[in-house]
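Values reported hereafter were calculated over all heavy atoms of this structure, with side chains retained and with hydrogens, waters and symmetry mates removed. Numbered from 1 within each chain, the chains take letters A, B, ... in sequence-line order. Nothing here was measured: the structure is a model prediction, and the numbers come from that model.
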There are 2 protein chains.
Amino acid sequence: MQKQAEYSDAIRTKYPEQVVIAIARDKNGKANPVTLGWTMIASGDPPMMAIAVAKKHYSVEAITHSKCFTIAFPSVEMADAALFFGSRSGRKVDKFAEFDCPTEPAKEIDSVVLTDAVANFECTLQSQTGAGDHFVFIGRVVCSHTSTEPKKRLYTIGPGHKLGPAS
Amino acid sequence: MQKQAEYSDAIRTKYPEQVVIAIARDKNGKANPVTLGWTMIASGDPPMMAIAVAKKHYSVEAITHSKCFTIAFPSVEMADAALFFGSRSGRKVDKFAEFDCPTEPAKEIDSVVLTDAVANFECTLQSQTGAGDHFVFIGRVVCSHTSTEPKKRLYTIGPGHKLGPAS
């Protein structure tokens, strides 16, 4: 049976929710990572992926400047990096300089991929749509990478940025 | 370490992936459910949610006709319903007539909610964006519901529409 509920209560049934780290270079060339839970695949052929980024976040400037971004699936071992990248602003700090998280140059876009991630997807910006307090960016996947070792993907498993494996 | 990979291989690291059932009435008033894995929250304030629907799917007609839709989080007990709703076309069948899945009228939009779901979100259509072979629909959540009993959310846990709990 269903009962009407506040959205803030009803949405607490969403866990586990996937975590990605989106990375785009700003106008100074600094690669800026941000941790996001609001992401999905948007097209199968050609492959496209979507992310929702808060309008006030620095990543909006970086993505709209560079017109491309990486979507990385962090591994469970990367929980601390995900928390750091999700709680600092690229306006104030160079996140990759302050938190040790190995990167490699992307192959098809001007960005980086995360060496220790489960997978990385290089995307070129296809569209930007306003949605309330966020922008939805859709990117076309132009190059994909996977880890050479088996790794488990990181999820948010409960409120308060509780991170871990889904199972 | 990363190695370049085909997208079709790299994206297999996405599991578990959330499952939702989106429901919209067509021009004849028939409520048409479709099972989707490509969905995300798109805004916090006001709350909005996004779904990607294949351009060829009947649900596109229903959503663009009624300008509203429900997003239900099916429970693990609803795996058979999710498979049925995801493998039939509303062009050919009345899915709710052919598969027993209790519904209740929505409160704020002209749709239904799923009685046995973990949660239901009534959405009014805010935008539609083409993305390759899909449309991304963003809806504003205008009413939310949760199950009166505790239930586990359904996920796709592996290729080939393998459904189950995330943990």
Partner residues of Arg12(B) under the salt bridge (Lys or Arg N to Asp or Glu O under 4.0 Å) criterion, sequence neighbours left out
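None.
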Go through [options] and name the one with the most non-hydrogen pairs under 4.5 angstrom from chain B.
options                                  : result
Ser8(A), Ala131(A), Cys143(A)            : Ala131(A)
Pro165(A), Ala117(A), Ser127(A)          : Ala117(A)
Met49(A), Lys55(A), Arg153(A), Glu149(A) : Arg153(A)
Glu6(A), Met48(A), Gln126(A)             : Met48(A)
Asp133(A), Leu114(A), Thr148(A)          : Asp133(A)

For Ile157(A), is it the side chain, the backbone, both or neither that has a heavy atom under 4.5 Å from a heavy atom of chain B?
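Neither the backbone nor the side chain of Ile157(A) comes within 4.5 Å of chain B.
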Toward chain B, the part of Phe121(A) with a non-hydrogen atom under 4.5 Å:
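Contact with chain B involves the side chain of Phe121(A) alone.
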Chain A: which of [options] shares the most heavy-atom pairs with it under 4.5 Å?
options                                   : value
Ala52(B), Gly44(B), Pro46(B)              : Gly44(B)
Val141(B), Asp9(B), Asp116(B)             : Val141(B)
Ala119(B), Gly130(B), Ala166(B)           : Ala166(B)
Thr115(B), Ile41(B), Val136(B)            : Ile41(B)
His145(B), Lys152(B), Glu17(B), Lys151(B) : His145(B)
Ala42(B), Ala50(B), Gly132(B), Pro47(B)   : Ala42(B)

Contact origin within Phe73(B) toward chain A - heavy atom pairs under 4.5 Å:
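The answer is the side chain of Phe73(B).
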Heavy-atom contact with chain A under 4.5 Å, split by part of Ala54(B):
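Neither part.
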Hey, mind stepping through Met1(A) and Ser147(B) against side chain to side chain contact (heavy atoms under 4.5 Å, CB included) and telling me if it holds?
CA-CA 6 Å; Met1(A) 207 169 78; Ser147(B) 171; over 6 Å; no
Nearest-0.5 Å distance, [atom1] of residue [X] to [atom2] of residue [Y]:
X        : Y         : atom1 : atom2 : result
Glu98(A) : Arg88(A)  : CD    : CZ    : 7.5 Å
Arg91(A) : His57(A)  : CZ    : NE2   : 8.5 Å
Ile21(A) : Leu154(A) : CD1   : CG    : 8.0 Å

Taking heavy atoms only and a threshold strictly under 4.5 Å, list by residue number the residues of residues 101-109 of chain B that touch chain A; give 'none' if the list is empty.
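From residues 101-109 of chain B, the residues near chain A are Glu104(B), Lys107(B).
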Using the rule given for side chain to side chain contact (heavy atoms under 4.5 Å, CB included), can you reason through Thr156(A) versus Tyr15(A), listing the C-alpha separation, both sets of side-chain angles and the distance that settles it, and then say yes or no?
CA-CA 7 Å; Thr156(A) 305; Tyr15(A) 303 106; 3.7 Å; yes
Among the clusters formed by ILVMFWY side chains lying less than 4.5 Å apart, do [X] and [Y] turn up in the same one?
X         : Y        : result
Met78(A)  : Leu83(A) : no
Phe137(A) : Val19(A) : no
Ile138(A) : Met40(B) : yes

Measure across Val112(B) and Ala31(B) and return the closest heavy-atom pair with its distance rounded to 0.1 Å.
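Answer, listing the atom of Val112(B) first, then Ala31(B): CG2-CB, 4.2 Å.
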With no hydrogens and no angle check, just 3.5 Å: does a side-chain donor-acceptor pair link Ser66(A) and Asp110(A)?
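Distance-only check fails for Ser66(A) and Asp110(A).
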Any luck finding a side-chain donor-acceptor pair between Tyr58(A) and Asn32(A) under 3.5 Å?
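No pair is found: no donor N or O on one side chain lies under 3.5 Å from an acceptor on the other.
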Where do Phe96(A) and Ile23(A) land on the side chain to side chain contact (heavy atoms under 4.5 Å, CB included) test, with the steps shown first?
CA-CA 10 Å; Phe96(A) 280 129; Ile23(A) 308 144; 3.9 Å; yes
